[in-house]
Every structure is written in C-alpha cells, then in structure tokens.
Amino acid sequence: MSPCPIPAPLVTRLRAARRVAVLTGAGISAESGVPTFREAQTGLWARYNPEELATPDAFHRNPKLVWEWYAWRQERVRQAEPNPGHVALVKMERRIAGFTLITQNVDGLHRRAGSHQVLELHGNLFRAKCLDEDRPVENWPDSEEIPPRCPRCGALLRPDVVWFGEMLPAGALRAAEQAAATAEVFFSIGTSALVYPAADLPFTALRAGAMVVEINPQPTPLSSQVSFSLNGPAGEILPALVEQVWGASVPAGGTDT
Ligand code: OAD
C-alpha cells in the first residue's frame, strides 16, 4: 500500500509512454539495509570522512585503508537483498520499450533484482581497476598484500568507483544525458539531488518537456521544480505505482540476468 496517492496524470502518461528514464540514488537501497551517504545519523558521510576514503589523494596516502573500507562496504552489500523498489523497476523495464535505468549506486542491486540495462554513473563496488593502466581487472593472484596488484603490470589495484574530483565514465554519462533529453517521463528516486553531473539529469528532462517525478521521503533541491513529488519510501511507492499503471499481473522480477 502506497503511503501517498499516485497522481492520475502520471498513471495516464506512463500507460502511453514509450520512453522513460529513471535516476536512482542511495535511497532506493536504504530499505535493503545499505546505508545512504548524507542522512544525518545513518549516512556514511556522517560517520566517515570522504576526504580520507573517496578521493585519489586518499588512495595515494593510504591505499590499504581505502581498499579495506570498500571491502567492508562490499561485505555489507553481499548481505543485502534487492527490495520491492528495485523489483518494481524491473517490472517497469519490461513494460516500457525505451526504458533507461541510470544509477549513482555502486551496489549492483538493480542487476541482482533483474534489471538488464543499467547505466552505472559512479562505478561498481565489485569491480577493480589497475591504478596505472586504468583498465578493469577481474582476477588477480591470491596474495597477502592489500590492495592486491595488477597481474599484468604490478601496479596497485583500486576499486572501480568514481571518487570525488574524478570524471564519470564518459559513455555512461552520454547515454544518461541522451535518455534524460528524450524521456517522456523521468523519475528521480532516492537521491539528495546534490551531486553533479547526475543532479543535472532531471533538469535536462524538465527543459526537454518531460514529466519529472521525484520519489523521496525528504524534500531535495529538486522538489520544488518537479511535476510530482511523491513523499515516502521507494520500496512502497514504486510497487504501488507499477500496480496502478499496469495491474498486478506484471511479471515478477528475479535474478534472470
Ligand atoms: P544521499 O545519501 O545523498 O541521498 C539519499 C537520499 O535518499 C536522501 O534524499 C534520502 O531522503 C533518500 N531516501 C532515504 N530513504 C529512502 C527510501 N526508502 N526511499 C526513497 N528515498 C529515500 O545519496 P545519493 O543522492 O545517492 O557518490 O548520493 C549521491 C552520491 O554522493 C553517491 O553516489 C556517492 C555520494 O558521495 C560517490 O561516491 C561518487
């Protein structure tokens, strides 16, 4: 049961829509038990200093600390399961021909829920890359050393995530901008809408004439600009929205990737 009614014009527009884009942030994984970043008591940045953990300088200063912090986050995510919000987006993907899911999350929970097309703007916790060659590295020999080393060139491996001060992956960002510029409906879900360039995407959609919908229990800098602001947890609102638009018979999600 949704904590807030789904607006009728949104239902009508979604039934007819051929192109829908969705931007998600840490809030969509909150109901899976994965901590967000900026919430006052529970957010990661309330407890950890990003300058010591999430910048290229931090890694150069203390690669072991940074690698271990990301290993800890990996472990938390391994213990989590996708929630009904992730699953509702799998159902939406199945209903909309031109559906683009853009995420700032590095937890991989959208794919684990069964979403096929996911643009990961900030990388992925479960991938590493070579610090010198800047290429993904999937396997490396067992060793005591932390971080491990690139099996090809011997440089340190680093998490394949975007740190403060770094560029986003160009291809994913271009595809996200294109999706935002052509969407008939654009959702901003579970993000504080503070981190650029991702935070620009809803504005690109607004300028292009899309219906822009925010789902978040708290207001954000985007809230006053959107067509509809649905205040509540994504894990409750999204399943209610999908059911109202397409009925209860939308095939369930699952780990069918
Ligand atoms: P934030 O922690 O900044 O914001 C999370 C948002 O989720 C807040 O606005 C919450 O109100 C909202 N929220 C909490 N529970 C929710 C729920 N159940 N349903 C819906 N919304 C909920 O996280 P992001 O906006 O994702 O970047 O942060 C953006 C980027 O900043 C992250 O990708 C990360 C961080 O620094 C990097 O690490 C590069």
Side-chain angles (χ1 to χ4, degrees), residues 1-4 22-59 66 69-70 72-74 76-77 80-89 101-110 113 118-127 129 158-169 172-173 176 187-202 213-224 226 228-241:
M1 183 69 170
S2 173
C4 71
V22 175
L23 171 68
T24 63
I28 192 147
S29 297
E31 289 156 87
S32 296
V34 180
T36 60
F37 292 93
R38 291 179 182 74
E39 286 179 282
Q41 306 301 324
T42 55
L44 287 176
W45 298 152
R47 289 181 287 151
Y48 301 97
N49 181 354
E51 283 170 21
E52 285 171 17
L53 297 164
T55 70
D57 275 356
F59 189 76
V66 172
W69 188 67
Y70 281 91
W72 169 75
R73 286 180 57 195
Q74 269 186 14
R76 287 205 63 156
V77 170
E81 294 295 333
N83 68 56
H86 297 106
V87 173
L89 292 177
L101 180 52
I102 307 156
T103 190
Q104 299 166 85
N105 298 346
V106 294
D107 58 28
L109 286 176
H110 285 303
V118 188
L119 297 174
E120 292 178 323
L121 292 184
H122 291 167
N124 190 300
L125 267 183
F126 296 93
R127 285 196 313 255
K129 65 179 180 179
R158 56 159 283 180
D160 191 2
V161 298
V162 175
W163 284 328
F164 290 100
E166 293 189 314
M167 305 288 278
L168 273 59
L173 181 59
F187 287 92
S188 176
I189 303 173
T191 172
S192 56
L194 290 169
V195 175
Y196 287 80
D200 254 335
L201 295 169
V213 182
E214 181 174 62
I215 301 179
N216 197 315
Q218 302 297 329
T220 74
L222 179 66
S223 306
S224 62
V226 296
F228 298 107
S229 188
L230 308 183
N231 301 120
E236 293 175 33
I237 293 180
L238 276 171
L241 181 144

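Counting from 1, the numbers follow the sequence of the chain as shown. Every number for a ligand or one of its atoms is a count from 1 in the order of the listing.
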**OP:** Anything under 30° is parallel, anything over 60° is perpendicular, the rest tilted; go ahead and classify H110 against H86.
**Re:**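 Aromatic pair H110/H86 classed perpendicular.
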Counting distance only, does the side-chain N/O of [X] pair as donor-acceptor with the main-chain N or O of [Y] below 3.5 Å?
{"X": "S29", "Y": "S32", "answer": "no"}
{"X": "R73", "Y": "V34", "answer": "no"}
{"X": "N231", "Y": "P217", "answer": "no"}

Original post:
Under a 4.0 Å N-O cut-off, is there an ion pair linking R158 with E166?
Top reply: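 Yes, charged N to carboxylate O under 4.0 Å.
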Subject >> Residue contacts for ligand 1, heavy atom to ligand atom, distance under 4.0 Å >> reply: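 Ligand 1 is contacted, at a heavy-atom distance under 4.0 Å, by G25, A26, G27, A30, E31, T36, F37, R38, E39, W45, Q104, H122, V162, F164, G190, T191, S192, V195, N216, P217, Q218, P233, A234.
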Subject >> Donor on one side chain, acceptor on other, T36 and E39, under 3.5 Å >> reply: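 Yes, side-chain donor-acceptor contact under 3.5 Å.
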